[in-house]
Each structure stands twice: as structure tokens, then as C-alpha cells.
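Predicted model, so just to flag it, every value in this text is computed and none were measured.
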Amino acid sequence: MDTSSQPHDSKASVSLAAAGLRLYDTADHQVTPFRPIEPGKVGIYVCGATVQSSPHIGHIRTTLAFDVIRRWLLRLGYQVTLIRNVTDIDDKILTKAAANGQRWWERAYIYEREFTHAYETMGVLPPTYEPRATGHIPEMIDLIQRIIDHGHAYVVPDEQGRPSGNVYFDVASWPEYGALTHQQTGTQPADEQAAANDRLGPSIDTDDQAANSDEEPGKRDPRDFALWKAPKPTDPPTARWQTPFGTGRPGWHLECSAMSHRYLGADFDIHGGGLDLRFPHHENEMAQSHAAGWGFAHRWMHTAWVTQKGEKMSKSLGNGLSVDQVLSQHPAWVVRYALVSVQYRSMLEWSDQSLQEAEGAYERISNFVDRAGRILGSQPERTRVTGLGADDLPKDFVQAMNDDINVSGGLAALYALIRQANATMDANSETLDRKWLANALLQVRAMLDVFGLDPLDPHWAGAAAVRDNRAMNTLDALVGQQLQERNQARKDHDFARADAIRDQLTAAGVAVADTPAGSTWDLSR
């Protein structure tokens with residue numbers, strides 16, 4: 001993707017519209033005004049992929065949702081630092097690598113590349129940084145020691161009384177445990193949307209982490225969770241590290257606390273991820289970071305799941321659509337539209353109908369952009385599109401996006417302007433207000449760019465060129481076969497058949513030219 005087109009400027013000032021931004025916080029179930037810790041800057045940590053298998057549409061939904069959130073913050077004039085981690089060591093990775101005759105780090109990297117390719121294909125802005133868990137073992141060891149020193153973790157000894165490699169967080173020692181999900185305190189009313197998601201059961205990602213259930217012996221309390229894990233006999237030597245607590249490898253929850261602190265500091269603005277990660281993953285992250293004496297995320301934002309026919313997307317149900325499978329049947333722009341056109345906290349029903357609606361949206365949008373450009377004689381430069389701030393966008397669009405990223409309202413504002421502009425172009429051309437139309441075209445493309453959907457973004461233009469090349473290759477093969485049949489008919493003196501083939505091609509818009517070197521074709525003008 002052409003990252004130079006990102007709508008950011010280190011010297012840009014925050015827009016007036018930024019004062020109206022309100023976002024939901026999972027911890028207190030309220031939409032409240034957003035105020036960053038440091039004026040003009042926003043730090044975001046998003047839980048990324050556990051790279052043990054190919055990405056599916058559910059993974060990409062979360063990534064795209066935070067891509068839109070980030071793009072809107074950039075449009076408001078904030079400088080945004082977004083960290084999205086890679087979990088590259090995990091029980092599932094080790095197990096699947098062994099079963100397939102792979103080295104665990106080899107398997108992790110294969111699927112990390114698949115995720116990266118999917119993100120790039122779908123037009124996701126690259127994160128500010130994408131740390132791997134295995135690259136931050138020293139930070140994790142330091143964090144564990146801090147938690148032990150504060151009296152909130154314990155090392156399990158082996159039979160000889162030496163550190164076994166198992167270290168657990170002592171939940172009973174931390175009265176604040178449950179502050180995110182309120183599962184222990186019961187002091188907050190349930191979030192209706194979260195409850196609806198929970199009734200669907202654990203997600204595909206939670207299933208993938210089932211091996212991290214911390215059922216090893218030595219725990220004082222079933223609620224305690226692993227900060228560090230002793231290796232299994234089947235673990236390869238490369239999947240274990242020497243520490244003061246014994247040989248082992250990091251617990252799943254510990255990784256994100258160490259990496260978020262490394263790149264965003266003790267306090268940062270937003271922590272995001274799928275709704276299924278609230279418990280235990282995010283609850284445990286919050287507890288261990290605070291128990292270490294650090295602050296942590298000031299706001300929690302979670303995306304709901306993707307469903308098919310009312311059932312959550314899951315490998316066990318056979319409906320975990322891979323990204324490659326979907327992209328082999330639909331253009332990436334269409335898939336992106338289908339995934340970002342539903343507000344991030346709402347469950348998204350994935351169906352043929354949603355894809356058909358996205359295809360219709362592409363035709364409607366691209367027709368308007370092309371038509372307006374033809375009438376005006378040019379398109380606004382891409383830098384003007386990405387540089388148009390929120391204060392210069394339609395008020396109803398800004399109000400919708402400031403209302404907890406209400407993309408449905410934002411799209412409604414977008415289409416309202418398209419309808420108005422189309423009506424203007426339908427009127428007498430002599431009375432056309434070209435200045436108004438030029439501004440409307442600029443605003444439409446800028447609003448589309450908030451969703452990552454500007455059809456003239458070089459990313460999509462390049463993808464369209466690839467599709468056009470494939471289509472031309474297919475057409476060349478089909479027309480070539482027809483010309484071979486025509487040449488054979490001429491050799492057989494079946495001129496009626498040869499003329500009929502030529503007439504069919506002409507009617508289809510294919511111009512045939514007979515030359516001494518043979519017959520050639522082109523699309524008729």
C-alpha cells in the first residue's frame with residue numbers, strides 16, 4: 001500500500017471537531033468524551049494475531065475496525081501511535097509445527113507473512129510498530145520480577161525445591177481483579193451487546209488459546225494465571241529461555257503487558273481487540289500491569305464478532321472463512337466495504353447479501369467519482385484528499401463519526417452528498433456550480449478515505465489494474481479461440497460460418513482485422 005498517502009502530518013494541529021469525539025469504554029459501559037493523555041497525541045495498543053494458522057474474516061474485521069478508528073483520529077488532527085503485536089510463540093504454534101514437521105519459528109513466520117499480506121491487500125495502514133513476543137523476553141522477565149517484588153506473583157518450586165519455571169499471578173492478592181469485566185465484583189450492569197456476544201460462546205480466537213488455560217499443578221487458586229510456563233517435554237530447546245524463575249517461556253497474557261509498556265509507556269490512551277479477549281486476556285493484562293506498579297490503558301475498545309446465519313464464525317462449525325477464500329471470489333475493496341460498513345461494536349452478519357450490497361456500493365461510488373471527474377475535467381489530487389481535515393467535512397458526517405465511530409451514520413451522510421451532487425449534474429449544465437461540485441467531489445473522496453475506500457487511492461487503482469489485466473487475459477483467450485475457429489472455417493471454405501463468427505465478435509464490441517500475418521483483434525471504440 002502507498003503509505004505516503006496516510007492522512008497525517010506531524011506538524012498538524014488538532015481540529016475543532018476533535019472536541020466532540022465520544023467513544024465507548026468497555027470497562028464502564030459508557031460512551032464518554034475522549035481526551036488523550038497527552039494533548040494532540042493518541043497511543044493505541046491492539047492485540048494482533050497468534051500466527052498459528054491462516055487469517056480468517058473474523059481476524060480481519062477487528063484489524064479493519066481499528067484501521068477506521070485510527071484514520072478518523074488522524075483526520076481529527078491527532079498524531080497516532082498504533083502498536084499491533086504478533087504472538088509468535090504459543091502452545092498451538094508448537095503443537096501444529098510438530099505435527100507438520102516444521103520448526104515452530106518457521107511456522108510462525110509463514111503465517112505472520114500471510115497475515116501481513118492480508119492486511120496489505122485489504123488496504124490497512126501499517127502499524128507504527130509491530131513487535132513480536134519473542135523479541136521482548138528481557139522485558140517480560142523484568143515485569144515478572146516487578147510483580148513478584150510487589151507481592152502479587154509466586155514461583156512454583158520443583159521436587160528439589162528449585163524454581164520450576166512456573167510463575168503464577170496471585171489473583172487473591174489483588175482486590176482490584178475484575179475491574180474490566182466485573183466478573184468478580186458484580187458492581188456494574190452487564191453490557192447488553194457484550195452479553196449477546198457472550199451467549200454465542202467462545203470465539204475462534206478463544207478456542208485457539210484453549211491450551212493456555214493454565215491447568216498446571218502448583219497453582220494456589222484456580223483463578224491464578226501463568227506469567228511464565230515451564231516447558232513441556234515435547235517443547236523444542238529453541239522454545240525455552242533461562243530465567244531466575246527457571247527455564248520456560250512466557251504466558252500469553254504477560255506478552256502484551258510487556259510490549260505495550262515498551263512502546264507506549266506505563267499509561268496509554270486505548271487498548272483494543274476482539275470482544276472475546278476481554279476475559280481472561282485483557283482482564284489479566286490489566287491486573288498484572290497495575291500490580292507491577294504501572295498504569296495501563298485509560299480506555300478499552302472491543303470489536304464484536306462476525307457471524308454467519310446467526311452463528312459465530314468458528315472452525316469447529318466449518319464456517320471460518322479464510323481471507324484467501326473470500327478474496328478469490330470478491331475484490332478486496334468489496335470485502336473491505338462489507339467489513340467496515342457495520343459499527344465496530346455491532347455483530348456483523350457475513351452473507352452473500354452483504355457482499356452484493358458492497359458490490360452495489362462500489363458501482364454507485366465509482367460511477368459518481370468518474371462522472372464528476374469527467375464533468376470537471378480533473379480529479380482532486382490525492383494529497384488534497386488525505387489532507388482535508390475533519391473541520392472541512394460535512395457536519396452530519398463528523399457528528400456520526402464522533403458518535404463512537406458510527407459508520408452507518410457516516411455512510412448515510414456520504415450517500416446524501418452523492419445524491420445531491422448527482423442531482424446537480426443531472427440539471428442543466430449551463431447552471432452547474434462547478435466550484436460546488438469540485439468541493440463535493442473532494443469531500444466525498446475524503447469521507448471515503450476515512451473508511452479506507454477512496455477508489456482512486458493508488459492502492460485500489462493498482463488492484464484494479466491487476467483485475468483489468470486478468471480480465472484482458474481471459475478475454476484474449478476466449479477471442480483467440482473464436483478466431484481459430486474462424487480461420488479454420490475459412491480454410492474449409494465455410495465462409496458463412498467465418499462471417500457469422502466475425503459478426504458475433506463485432507456485436508460483442510470486438511473489432512477483427514485480417515492481416516497477412518493472421519487475424520488480430522481489439523476492442524472497438
Visitor: Regarding Glu285 and His271, do their side chains bring together a donor and an acceptor under 3.5 Å, going by distance alone?
Guide: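 Checked: Glu285/His271 side chains pair up, N/O donor to acceptor below 3.5 Å.
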Visitor: Would the number of heavy atoms belonging to other residues, nucleotides or ligands and lying under 6.0 Å from OH of Tyr109 be above 12?
Guide: no
Visitor: Using a strict cut-off of less than 4.0 Å between a Lys/Arg side-chain nitrogen and an Asp/Glu carboxylate oxygen, indicate whether Glu381 and Arg384 qualify as a salt bridge.
Guide: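 No.
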Visitor: Closer than 3.5 angstrom, by distance alone: can the side chain of Glu106 be matched with the main-chain N or O of Arg103 as a donor-acceptor pair?
Guide: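 The answer is yes, because a donor-acceptor pair under 3.5 Å joins these two groups.
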Visitor: Checking Thr95 side chain against Asp91 main chain: does a donor-acceptor pair fall under 3.5 Å?
Guide: yes
Visitor: Would you call Asp449-Arg382 a salt bridge at under 4.0 Å N-O?
Guide: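 Yes, Asp449 and Arg382 are salt-bridged.
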Visitor: Test Arg249 against Thr134 for side-chain contact (heavy atoms from CB on, under 4.5 Å), laying out the working first.
Guide: CA-CA 9 Å; Arg249 53 189 170 86; Thr134 54; over 6 Å; no
Visitor: Run the side-chain contact (heavy atoms from CB on, under 4.5 Å) test on Ile141 and Ile144 for me, step by step, so that the C-alpha distance in whole Å, both residues' side-chain angles and the decisive distance to 0.1 Å come before the verdict.
Guide: CA-CA 5 Å; Ile141 294 172; Ile144 292 172; 5.7 Å; no
Visitor: Answer with yes or no after comparing the ring centroid distance for Trp333 and Tyr362 against a 6.0 Å cut-off, counting only values under it.
Guide: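 Judged by ring-centre distance (under 6.0 Å), Trp333 and Tyr362 do meet the cut-off.
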Visitor: So Arg445 and Gln379, side-chain contact (heavy atoms from CB on, under 4.5 Å) or not? Walk me through it.
Guide: CA-CA 10 Å; Arg445 286 188 53 196; Gln379 288 283 346; 3.4 Å; yes
Visitor: Let's go through Trp104 and Asp88 carefully: what are the C-alpha distance in whole Å and the side-chain angles of both, what is the deciding distance for side chain to side chain donor-acceptor pair (under 3.5 Å) to 0.1 Å, and is it a yes or a no?
Guide: CA-CA 9 Å; Trp104 65 270; Asp88 61 340; over 6 Å; no
Visitor: Heavy atoms only: give me the nearest Gly40-Val14 pair and the separation to one decimal.
Guide: CA-CG2, 3.5 Å
Visitor: Step by step, work out the side-chain contact (heavy atoms from CB on, under 4.5 Å) result for Gln30 and Asp25.
Guide: CA-CA 6 Å; Gln30 295 183 58; Asp25 188 346; 6.0 Å; no
Visitor: Go through it in stages, so that I can follow the logic: the residues are Arg299 and Thr32, the test is side chain to side chain donor-acceptor pair (under 3.5 Å), and I'd like the CA-CA distance, side-chain angles, deciding distance and then a yes or no.
Guide: CA-CA 10 Å; Arg299 184 178 300 263; Thr32 56; 3.0 Å; yes
Visitor: We want to know whether Ser257 and Ser289 form a side-chain donor-acceptor pair, criterion being a heavy-atom distance below 3.5 angstrom.
Guide: yes
Visitor: Taking 4.0 angstrom as the limit, do Asp67 and Arg71 come out as a salt bridge?
Guide: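 Looking at Asp67 and Arg71, the cut-off is met.
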Visitor: Please check if the side chain of Thr247 supplies one atom and the backbone of Trp241 the other of a donor-acceptor pair under 3.5 Å.
Guide: no
Visitor: Ignoring hydrogens and angles, state whether a donor on the side chain of His136 or Tyr263 is under 3.5 Å from an acceptor on the partner side chain.
Guide: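 Looking only at side-chain atoms, Tyr263 and His136 do form a donor-acceptor pair, the distance falling under 3.5 Å.
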Visitor: Does Thr121 offer a backbone N or O that forms a donor-acceptor pair with the side chain of His459 under 3.5 Å?
Guide: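 Yes: the side chain of His459 pairs with the backbone of Thr121.
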Visitor: Is any side-chain heavy atom of Met286 closer than 4.5 Å to a side-chain heavy atom of His282?
Guide: no
Visitor: Would you say the side chains of Lys41 and Gln79 form a donor-acceptor pair under 3.5 Å?
Guide: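 Checked: Lys41/Gln79 side chains show no N/O donor-acceptor pair below 3.5 Å.
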Visitor: Are Asp235 and Lys229 ion-paired here, with the side-chain N under 4.0 Å from a carboxylate O?
Guide: no
Visitor: One pair to check against side chain to side chain donor-acceptor pair (under 3.5 Å): Gln325 and His56. What are the steps and the verdict?
Guide: CA-CA 9 Å; Gln325 177 185 349; His56 59 75; over 6 Å; no
Visitor: Report yes if the side chains of Leu453 and Val340 come closer than 4.5 Å at any heavy-atom pair, otherwise no.
Guide: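 Leu453 vs Val340: side chains touch.
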Visitor: Find out whether Tyr177 and Asn284 are in side-chain contact, i.e. whether some heavy atom of one side chain is under 4.5 Å from a heavy atom of the other.
Guide: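 A side-chain contact exists here, since the closest heavy-atom pair is under 4.5 Å.
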Visitor: Would you check, one step at a time, whether the test side chain to side chain donor-acceptor pair (under 3.5 Å) holds for Thr303 with Thr62?
Guide: CA-CA 6 Å; Thr303 59; Thr62 293; 2.7 Å; yes
Visitor: Looking only at non-hydrogen atoms, find the nearest pair between Pro127 and Leu82 and report the distance.
Guide: CB-O, 3.5 Å
Visitor: For residues His298 and Phe268, establish whether the separation of their ring centroids is below 6.0 Å.
Guide: no
Visitor: Would you check if the distance from the ring center of His182 to the ring center of His29 is below 6.0 Å?
Guide: yes
Visitor: Only one of Asp392, Leu417, Leu414 clears side chain to side chain contact (heavy atoms under 4.5 Å, CB included) with Gln443; which?
Guide: Leu417
Visitor: Assess whether a salt bridge exists between Asp404 and Arg345, defined as any Lys/Arg side-chain N lying under 4.0 Å from an Asp/Glu carboxylate O.
Guide: yes
Visitor: Answer yes or no: is there a side-chain heavy-atom contact under 4.5 Å between Val407 and Ile405?
Guide: yes
Visitor: Say whether, by atom type as modelled, one donor and one acceptor occur between the side chain of Ser354 and the main chain of Trp350 under 3.5 angstrom.
Guide: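 Looks like no, no N/O pair under 3.5 Å.
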